[in-house]
Amino acid sequence: MESVKKYKKQYLLPSERCMDWAEKSAVERAPVWCSVDLRDGNQALVEPMDLETKLQFFQLLVEIGFQEIEVGFPAASDTEYEFLRALIERDLIPKNVTIQVLTQAREHIIRKTFEAVNGAKNVVVHVYNSTSVAQREQVFRKSKEEIKQIAVEGAKLLARLTEEAGENYRFEYSPESFTGTEPEYALEVCNAVLDVWKPTANRKAIVNLPATVENAMPHVYAQQVEYMNRRLKYRENVVLSLHPHNDRGCGVAAAEFGLLAGADRIEGTLFGNGERTGNVDIVTLAMNMFSQGVDPKLDFSNMPYVASLYKSYTGMEISPRQPYAGELVFAAFSGSHQDAIAKGMKYRKENALTEWNVPYLPIDPKDVGREYDSDVIRINSQSGKGGVGYVLEQVYGIKLPAKMKEAVGYSAKRVSDLGHKELKAPELYEMFEREYLNPRAAFDIGECHYKQINGIIASVEVAEGKNKTIVQGEGNGRLDAVSNALKKHFGIAYTLIGYEQHALTNGSFAQAISYIGVEKEGKKYWGAGIHSDIIRSSVAALVSALNNYFNCSR
């Protein structure tokens with residue numbers, strides 16, 4: 001692409017080496033989470049949410065466990081203002097939840113913001129101004145000193161209005177487009193703001209570092225964050241916050257690296273909604289921690305519920321491959337994957353394991369409200385015998401013999417391939433029933449009567465269409481005697497293979513299922529039978545297997 005020549009590396013590294021974060025292997029504890037769904041997320045929707053929808057979304061965020069929620073930019077529009085007033089006047093803000101409001105560092109906007117929060121107690125007033133090279137030169141056309149002064153004057157006005165209001169609001173400052181700002185200059189501006197606020201242990205300030213546009217690899221952001229973490233004044237009384245965007249698709253990695261670099265707090269949205277490619281996805285971040293044994297302090301144990309409400313409120317879709325939440329993220333269609341999962345689940349059960357370590361499943365789907373039978377093993381033309389056997393066993397209690405699984409697996413592949421579709425569990429059972437339980441095109445057996453005379457003599461009623469014939473056979477058992485009777489009647493020779501049976505249900509009305517294979521000239525044909533009487537289920541399985549032989553040989 002010839003146009004590549006117009007681009008150059010845009011990142012700005014700090015003047016000192018800041019790589020301590022790279023020595024750490026994991027995030028050890030959950031950060032402070034701040035949802036910006038109702039502000040950053042809402043402004044990016046094709047159709048922003050109305051008042052009542054935003055109120056419902058606020059309740060969902062509280063239910064999930066967010067204790068800091070940015071509710072909007074109340075000076076930006078009447079809708080934003082009315083939403084904030086509704087939260088306050090309807091007393092919808094729990095005592096343990098802090099609302100956050102955004103304002104530019106401009107006097108009339110700040111004053112309107114303070115009007116909007118009147119009556120609320122737990123409030124973070126978030127002031128920002130752009131500090132990047134591009135914004136200074138192209139948008140504001142101001143010097144570094146002039147840009148810093150905007151931040152300082154905004155900080156002073158926040159402090160003065162808070163004092164006048166007799167409140168104890170907390171303050172947050174963001175050097176917008178932080179990643180496009182010289183780290184030394186970003187530090188200078190943030191420290192100047194902190195010198196105005198003089199944060200204390202009882203009233204900490206938040207310094208938020210937005211990757212307003214993600215313009216470099218995640219390790220660059222980590223170095224910038226570590227530099228600020230080392231150099232910020234009043235650091236013990238400052239909550240260092242991150243606000244990553246996802247322009248390069250690295251928002252989650254950048255946030256995780258930033259936490260390793262010393263950040264205490266994350267601003268983001270559910271499922272990564274937001275301007276352009278979105279904000280950092282808090283669901284993925286939180287579940288990544290969960291998968292490593294770190295409690296994220298957010299509750300996504302019913303992910304389908306959260307996802308459904310999110311889609312309803314925002315009108316957005318969730319990709320089927322969205323980590324942890326997508327419809328297909330636990331699905332295994334590949335035969336080898338299905339086989340490994342099925343064996344892993346069996347091993348886990350046999351050994352009563354408590355720690356999770358199942359092949360191809362990074363977490364237990366049940367921990368986010370998903371089911372093994374409908375969400376994990378999915379059957380299509382790419383599936384294998386292991387997956388087909390797993391679904392039949394989990395949903396219907398059908399434990400196919402190892403030798404029979406291959407045949408049933410191929411049958412499922414054929415049906416899926418012909419229909420160009422996935423087979424759900426009921427469709428899979430319908431195929432099994434049609435091809436292995438009830439194939440009766442060639443013949444059926446009505447009544448069987450047995451006598452024990454030097455072994456077993458079976459009198460078998462063979463029905464071929466409207467014709468019925470009684471034929472006798474001898475054997476060392478009832479099934480053997482019936483088999484010999486059928487060999488005599490049809491004039492064929494075959495070998496019984498893979499005879500297994502087990503109970504399908506417990507109690508006085510328990511049913512048995514039997515599986516039988518017949519081998520003739522090196523080819524195998526399978527059948528199954530279900531009945532409360534084990535002998536009758538075995539005979540039914542033999543009849544199904546022989547019908548499959550006749551169906552294939554015609």
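FYI, side chains are in, hydrogens and waters are out, and symmetry mates aren't considered; it's all heavy atoms of this structure.
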I would like to know whether Lys366 and Asp364 meet salt bridge (charged side-chain N to carboxylate O under 4.0 Å, His left out); could you show each step before the answer? CA-CA 5 Å; Lys366 287 187 178 292; Asp364 186 346; over 6 Å; no
side-chain hydrogen bond (donor to acceptor under 3.5 Å, both in side chains) partner of Ser174, chosen from His126, His243, Glu267: His126
Which of parallel (below 30°), tilted (30 to 60°) and perpendicular (above 60°) describes Tyr436 and Phe432? parallel
Does a salt bridge link Lys413 with Glu406, judged by any charged N lying under 4.0 Å from a carboxylate O? no
Please work out which of the three classes, parallel, tilted or perpendicular, describes the rings of Phe73 and Tyr128, given edges at 30° and 60°. perpendicular
For the student: nearest non-hydrogen atoms of Ala412 and Val388, plus distance: CB-CG2, 3.8 Å
Do Ser241 and Asn208 have side-chain atoms, one donor and one acceptor, less than 3.5 Å apart? yes
Is the number of heavy atoms from other residues, nucleotides or ligands under 6.0 Å of Asn357 CG greater than 12? no
Begin from the C-alpha positions of Tyr305 and Glu63 and carry the test side-chain hydrogen bond (donor to acceptor under 3.5 Å, both in side chains) through to its verdict. CA-CA 12 Å; Tyr305 165 77; Glu63 187 179 339; 3.2 Å; yes
Can Glu256 and Asn288 be counted as having a side-chain donor-acceptor contact under 3.5 angstrom? yes
Salt bridge Lys424-Glu422, side-chain N to carboxylate O under 4.0 Å: yes
Taking only residues two or more places apart in sequence or in another chain, which ones pass salt bridge (charged side-chain N to carboxylate O under 4.0 Å, His left out) with Glu23? none
Test item: side-chain donor near acceptor, Arg248 and Thr277, under 3.5 Å: no
Only one of Arg434, Lys421, Glu427, Glu430 passes side chain to side chain contact (heavy atoms under 4.5 Å, CB included) with Val415; say which it is. Arg434
Are a donor atom and an acceptor atom from the side chains of Asp339 and Ser336 found within less than 3.5 Å of each other? no
side-chain hydrogen bond (donor to acceptor under 3.5 Å, both in side chains) evaluation trace for Ser532 with Gln511: CA-CA 4 Å; Ser532 57; Gln511 287 189 307; over 6 Å; no
For a quick check under 3.5 Å, do Asn122 and Glu68 share a side-chain donor-acceptor pair by atom type? no
Are Phe300 and Tyr324 an aromatic pair, judged by ring center distance below 6.0 Å? no
With sequence neighbours excluded, what pairs up with Glu327 under the salt bridge (charged side-chain N to carboxylate O under 4.0 Å, His left out) test? Arg378
Give me the ring orientation class for Phe57 and Tyr313: parallel if the planes are under 30° apart, tilted from 30 to 60°, perpendicular past 60°. tilted
May I have all residue pairs that pass side chain to side chain donor-acceptor pair (under 3.5 Å) and include part of residues 209-228, sequence neighbours excluded? Glu226-Arg230
